[in-house]
Amino acid sequence: MNMNHYSVVIIGAGPAGLTAGYELIKQGIKPIVLEAGDKVGGISRTETYKGYRFDIGGHRFYTKIGEVQQIWQEILAADFIKVPRLSRIYYGGKFYSYPLSLFNTLSNLGIIPSIFILFSYLKAKVKTRLFPGPEPDNFEDWAIDRFGYRLYRIFFKTYTEKVWGIPCSRIRADWAAQRIQGMSLKRAVVNALFGSQNAKSLIKKFDYPVLGPGMMWERCQEIIESQGAMVQLNTAVTRIEREGTWIKSITARQGDRTIQIFGDRFISSMPITALVQRLDPPAPERVLTAARSLKYRDFLIVALIVNQPDLFPDNWIYIHSPEFKVGRIQNFKNWSAAMVPNPNKTCLGMEYFCSEGDALWELSNTELIDLASREVVELNLASKLSAIEDGFVIRQRKAYPVYDGEYRQHLQVIQEYLKQFDNLQTIGRNGMHRYNNQDHSMLTGLLAAKNILGEQHDLWNVNTERSYYEDFTKEERSSLKKQSQLEKLPTAISSKVN
Ligand SMILES: O=c1ccn([C@@H]2O[C@H](COP(=O)(O)OP(=O)(O)O[C@H]3O[C@@H]([C@H](O)CO)[C@H](O)[C@H]3O)[C@@H](O)[C@H]2O)c(=O)[nH]1
């Protein structure tokens with residue numbers, strides 16, 4: 001067995017792990033990064049099929065976190081493009097602009113249903129004013145309180161249930177509080193009427209690496225390696241050896257080789273459940289039980305190559321209608337023209353939310369490509385089946401940590417146990433079982449590295465203390481703009497690499 005010692009060992013080369021590595025090398029520490037997969041970027045990687053590039057989901061680069069914006073600029077400044085945001089919701093045979101536009105919404109819904117929606121909204125408002133109760137703990141009650149039943153049914157229930165595969169009444173309100181708290185009907189109407197005149201508005205343009213999000217992480221890997229640190233791919237952690245509450249080493253499989261890596265400090269972005277289950281000697285039974293009880297939602301994407309140049313103008317479309325299994329459709333050339341090798345063709349990402357082992361997950365690739373092809377034609381987004389030339393399937397395990405009724409207490413048990421380990425920090429989406437976006441995952445990686453350098457940050461507060469929402473005030477927007485102009489100046493690291 002091969003054995004080595006490193007001052008810092010990082011598990012996972014997704015956005016969180018690589019950000020930790022990047023910060024450490026900037027400060028002169030050379031960590032080793034171990035990645036189970038064959039490429040870097042985690043869920044933010046870019047896959048390629050016959051020259052067509054696609055995301056696992058869609059990855060916009062926008063953030064309110066100055067430090068993250070700075071890292072993006074340092075790594076990729078010249079290779080970002082500005083992409084206009086356009087997305088719509090498909091429901092009941094109609095397309096709704098998103099964010100909602102008053103005229104489009106009213107004309108799609110019709111006057112009478114719109115009046116019913118308004119009354120149901122007012123009913124919810126009157127109820128919460130006259131009979132204020134405790135904050136609802138499930139998503140259904142949370143959304144009805146804020147939007148009224150009818151709006152909830154059209155714009156939240158069906159899509160949310162597709163994403164999570166469980167009824168909205170079984171999803172904790174924490175999820176909504178983290179993702180959609182800032183929205184209200186009143187605000188949607190003000191936005192629709194006054195657009196950018198409104199104090200806060202959703203971003204209309206976002207940054208995107210010209211070759212997809214994976215480009216950011218491949219470049220980050222290059223920078224880390226150019227400074228003498230190592231990113232080892234195809235390296236799956238199989239055991240984490242501990243002495244009490246001190247991690248001593250990690251055993252990993254690299255093809256048919258087994259390696260053991262000793263370290264002083266460990267940072268892990270692997271799923272927190274797997275981390276706990278790989279501890280040796282094993283964690284206490286109550287911690288293992290908690291780990292077995294946390295759940296994930298999986299995801300699969302069917303990339304369809306269509307022999308038509310322009311199918312629709314959106315970056316992506318949400319498919320709320322329950323009669324379609326597809327949840328969201330990405331049109332990658334509308335993110336960056338360089339994502340498709342032939343401008344006369346289109347590559348769509350048909351996204352299906354599912355759970356490993358369920359009927360969708362178990363379909364063969366051919367069946368999935370047939371299903372996606374049929375659905376895209378029935379949605380009138382592609383003209384005919386014969387226009388679909390080819391397809392490719394990617395299955396992504398553990399795409400989303402599930403916030404069901406019990407997750408909090410299970411996570412608490414694991415968190416309390418892991419907090420006793422002085423040389424281990426968990427970061428990132430699955431590393432903390434928190435539905436982070438890329439920027440918040442990166443921030444946990446950045447702060448973990450800073451902790452190693454002597455600062456003291458509580459990673460479990462990230463995303464609860466820093467705002468998630470993608471609406472920006474004019475002040476926030478102009479401060480980030482100023483900052484990114486400053487950051488276009490080469491820094492020590494980016495000038496070395498470029
Ligand atoms: O045993 C294991 C298990 C996993 N890995 C690798 O760890 C990487 C984790 O990356 P990722 O799942 O992408 O998670 P991370 O928190 O670093 O990144 C976040 O970014 C966004 C995302 O891009 C959506 O916007 C999201 O918040 C998080 O995904 C991955 O490469 C695994 O293969 C391992 O090495 N060993």
Side-chain angles (χ1 to χ4, degrees), residues 9-23 32-47 54-63 65 68 71-72 163 175 178-179 206 208-209 212-218 220-221 231-240 250-254 259 261 266-279 291 296-299 301 316 328 330 351 394-401 425-449 459 462-463 468 470:
V9 181
I10 300 173
I11 306 175
L18 285 180
T19 302
Y22 179 75
E23 177 64 14
I32 183 167
V33 185
L34 309 175
E35 166 56 49
D38 62 359
K39 54 172 80 65
V40 295
I43 299 177
S44 199
R45 69 192 182 275
T46 297
E47 292 281 354
F54 51 95
D55 295 8
I56 312 303
H59 293 265
R60 287 177 291 158
F61 286 67
Y62 68 86
T63 185
I65 306 169
V68 168
I71 292 175
W72 286 342
V163 172
W175 169 73
Q178 194 179 318
R179 306 290 295 195
F206 54 86
Y208 188 68
M215 186 183 195
M216 168 71 68
W217 302 112
E218 286 153 23
C220 185
Q221 174 188 6
V231 179
Q232 300 220 331
L233 302 178
N234 302 306
T235 305
V237 171
T238 51
R239 208 169 65 221
I240 300 165
I250 273 175
T251 301
R253 221 184 18 253
Q254 261 182 346
I259 57 169
I261 293 167
F266 294 83
I267 298 179
S268 167
S269 66
M270 73 196 284
I272 198 165
T273 50
L275 171 85
V276 162
Q277 285 163 336
R278 284 176 206 167
L279 285 173
Y296 300 89
R297 186 74 167 151
D298 309 298
F299 172 89
I301 177 164
W316 71 91
R328 205 168 49 180
Q330 306 286 346
E351 301 176 358
I394 297 272
R395 289 176 170 77
Q396 178 65 48
R397 290 184 170 83
K398 297 191 171 48
Y400 308 106
Q425 301 182 81
T426 66
I427 58 169
R429 181 181 281 193
N430 288 338
M432 304 179 81
H433 204 83
R434 180 162 294 172
Y435 192 172
N436 285 331
N437 259 2
Q438 182 168 235
D439 58 341
H440 281 102
S441 273
M442 288 176 64
L443 183 60
T444 59
L446 179 68
L447 297 181
L459 304 187
V462 170
N463 200 342
Y468 158 77
E470 72 165 284

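Numbers here simply count residues along the sequence, with the first being 1. Atoms within a ligand are numbered from 1 in the order they appear, just like the ligands themselves.
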Numbered atoms of ligand 1 (with element) below 4.0 Å of [X], judged on heavy atoms:
X    : value
H59  : 22 (C), 23 (O), 24 (C), 25 (O)
N436 : 26 (C), 27 (O)
A36  : 34 (C), 35 (O), 36 (N)
R278 : 1 (O)
L34  : 35 (O)

Per-residue contact class, [X] against ligand 1 - non-hydrogen pairs under 4.0 Å:
X    : result
S441 : side chain
K398 : neither
T444 : neither

Point to revise | Test side chain to side chain contact (heavy atoms under 4.5 Å, CB included) applied to Q396 - qualifying residues, sequence neighbours left out | key: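 Only I43, R45, I56, F299, A399 meet the side chain to side chain contact (heavy atoms under 4.5 Å, CB included) criterion with Q396.
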Review point. Partners of R297 by side chain to side chain contact (heavy atoms under 4.5 Å, CB included), sequence neighbours excluded?
Key: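 For R297 the side chain to side chain contact (heavy atoms under 4.5 Å, CB included) partners, ignoring immediate neighbours, are W164, F353, S355, D358, Y400, V402.
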Point to revise | Centroid separation Y208 to H59 less than 6.0 Å | key: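 Ring centres of H59 and Y208 not closer than 6.0 Å.
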Exercise for review: Classify the side-chain pair Q438/W72 by whether it contains a donor and acceptor separated by less than 3.5 Å.
Suggested key: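 No, no side-chain donor-acceptor contact under 3.5 Å.
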